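Each ligand, and each atom within it, is numbered from 1 in the order the structure gives. Note that this is a predicted model, so its numbers are computed, not measured.
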Amino acid sequence: MTEVPRPRILVLANQKGGVGKTTTAINLGTALAAVGETVLVIDLDPQGNASTGLGVDRKARKISTYDVLLGESSLAEAIVATAVPRLCIAPSTLDLLGVELQIAGDKDRAFRLKRAIAELAPAERREQIPPFTYVLVDCPPSLNLLTINALAGADSVVVPLQCEFFALEGLSQLLSTVDQVKKTLNPRLTIHGIVLTMFDPRNNLATQVVADVRRFMGDKVYETVIPRNVRVSEAPSYGKPVLLYDLKCSGSQAYLKLATEVIQREKQLRAA
Ligand SMILES: Nc1ncnc2c1ncn2[C@@H]1O[C@H](COP(=O)(O)OP(=O)(O)O)[C@@H](O)[C@H]1O
Ligand SMILES: [Mg+2]
């Protein structure tokens, strides 16, 4: 039997809300699929915005990441196709709000997602679905057990930072959580990169923030900066990634560029 290569598992994490985690999960996922990768987005936020933004409405969420984390369904059973070829999603529901209490007493509570992802490869072989090359996990705006599950099961963290005055605030807390998880739960965890989002070139402060973040975090910051673009914020209300809604807009082009950069970094990491 030929070995199915493991997908690269990237987690979108930042305990601040509204910084672009979900937007990046949807649109980086779409852009990776557009350049030929096979992508699974896992929605780990009870708000379910990634699910809505990829066109899976609430009624269609029969099996969700809640069922998966509780061990009542497999991840393969939760996966649904999207309008984007080669892009699937495991949707979430508000039930996820209760999962923390339900599994808090279990020894394996931090490894529920990791196990679910590991069980995916045999299911892919059985059902002859093309194996995923990338898994993107969209986290809630908190460093709770859901985010810990994502970090414990991941290869790398992608940190969206909004280009605003308080961008760096909270970053050190996130980095120390990642460090902690690396020491205790997942030694292979790395920071893949920091993606600056919602950049507005007319705002001098935003330019200053970009410079500060680059000075502080060096080449961990992706070269691609995602501009503030109204098309990006309109697309979810149509249940579409911005790349389907308006491929030519600056937001779509930036996410395509980011996908290329992510793949490039992956190649370097693998070669190292
Ligand atoms: N590049 C962008 N341009 C314009 N609006 C954006 C952009 N990125 C995100 N937004 C909007 O900002 C809000 C917060 O983004 P979101 O991805 O939901 O953040 P998070 O998941 O971190 O809470 C959403 O309304 C989203 O549509
Ligand atoms: Mg979100």
Checklist entry - What's the shortest heavy-atom distance between Cys249 and Val242, and which atoms? => result SG-CG2, 3.7 Å
Whether [X] lies under 4.0 Å from ligand 1, heavy atom:
X	result
Gly251	no
Gly17	yes
Asn49	no

Hey, does [Y] have a side-chain heavy atom less than 4.5 Å from the side chain of [X]?
X	Y	result
Pro46	Leu146	yes
Pro141	Asp45	yes
Val99	Leu145	no
Ile117	Leu75	yes

Checklist entry - Aromatic rings His192 and Tyr222: how do their planes relate, parallel, tilted or perpendicular, breaks at 30° and 60°? => result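 Plane angle between 30° and 60°, so tilted.
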Consider every N or O of [X] and every N or O of ligand 1, then say whether any pair is closer than 3.5 Å.
X	answer
Arg228	no
Pro236	no
Thr24	no

Item to check | Cluster check Tyr66, Ile42: I/L/V/M/F/W/Y, side chain < 4.5 angstrom | outcome: yes
Checklist entry - Is Leu69 linked to Ile9 within one hydrophobic cluster, defined over Ile, Leu, Val, Met, Phe, Trp and Tyr using a side-chain heavy-atom separation of less than 4.5 Å? => result yes
Item to check | Nearest-0.5 Å distance that lies between atom CG in Leu87 and atom OG1 in Thr30 | outcome: 5.0 Å
Report the nearest protein non-hydrogen atom to [atom]: residue, atom name, distance rounded to 0.1 Å.
atom	value
atom 23 (O) of ligand 1	Gly18 N, 2.7 Å
atom 11 (C) of ligand 1	Ser233 CB, 4.3 Å
atom 19 (O) of ligand 1	Gly20 N, 3.0 Å
atom 18 (O) of ligand 1	Thr22 CB, 4.0 Å

Checklist entry - Counting only non-hydrogen atoms of the protein, does one fall under 4.0 Å from atom 26 (C) of ligand 1? => result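 Neighbour list for atom 26 (C) of ligand 1 includes protein heavy atoms (cut-off 4.0 Å).
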Item to check | atom 13 (C) of ligand 1 touched by protein (heavy atom, under 4.0 Å) | outcome: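 So atom 13 (C) of ligand 1 lacks protein heavy-atom neighbours under 4.0 Å.
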Item to check | Atoms named by residue and atom, protein N, O or S, within reach of the Mg ion (ligand 2) (under 2.8 Å) | outcome: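 You should have found Thr22 OG1.
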Tell me if the [atom1] atom of [X] is crowded by more than 12 foreign heavy atoms within 6.0 Å.
X	atom1	value
Glu77	CD	yes
Arg202	CZ	no
Asp108	CG	yes

Next on the checklist: Using the rule side chain to side chain contact (heavy atoms under 4.5 Å, CB included), only one of Leu174, Thr24, Leu12 pairs with Val159; which is it?
Outcome noted: Leu174
Interfacing atoms of ligand 1 (cut-off 4.0 Å, heavy-atom, [X]):
X	answer
Asn229	2 (C), 3 (N), 4 (C)
Pro227	1 (N), 2 (C), 3 (N)
Ile226	1 (N)
Val19	19 (O), 20 (P), 22 (O)
Val232	1 (N), 2 (C), 3 (N), 7 (C), 8 (N)

Checklist entry - Going through the checks in order, is the salt bridge (charged side-chain N to carboxylate O under 4.0 Å, His left out) test met by Asp106 and Arg112? => result CA-CA 10 Å; Asp106 300 348; Arg112 296 296 182 94; 2.6 Å; yes
Next on the checklist: For Pro160, which part has a heavy atom under 4.0 Å from ligand 1: side chain, backbone, both, or neither?
Outcome noted: neither
Checklist entry - With a 4.0 Å heavy-atom cut-off (strictly under), which part of Thr23 contacts ligand 1: side chain, backbone, both or neither? => result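 The answer is both, backbone and side chain.
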Checklist entry - Between Asp212 and Arg215, is there a side-chain N and carboxylate O pair less than 4.0 Å apart? => result yes
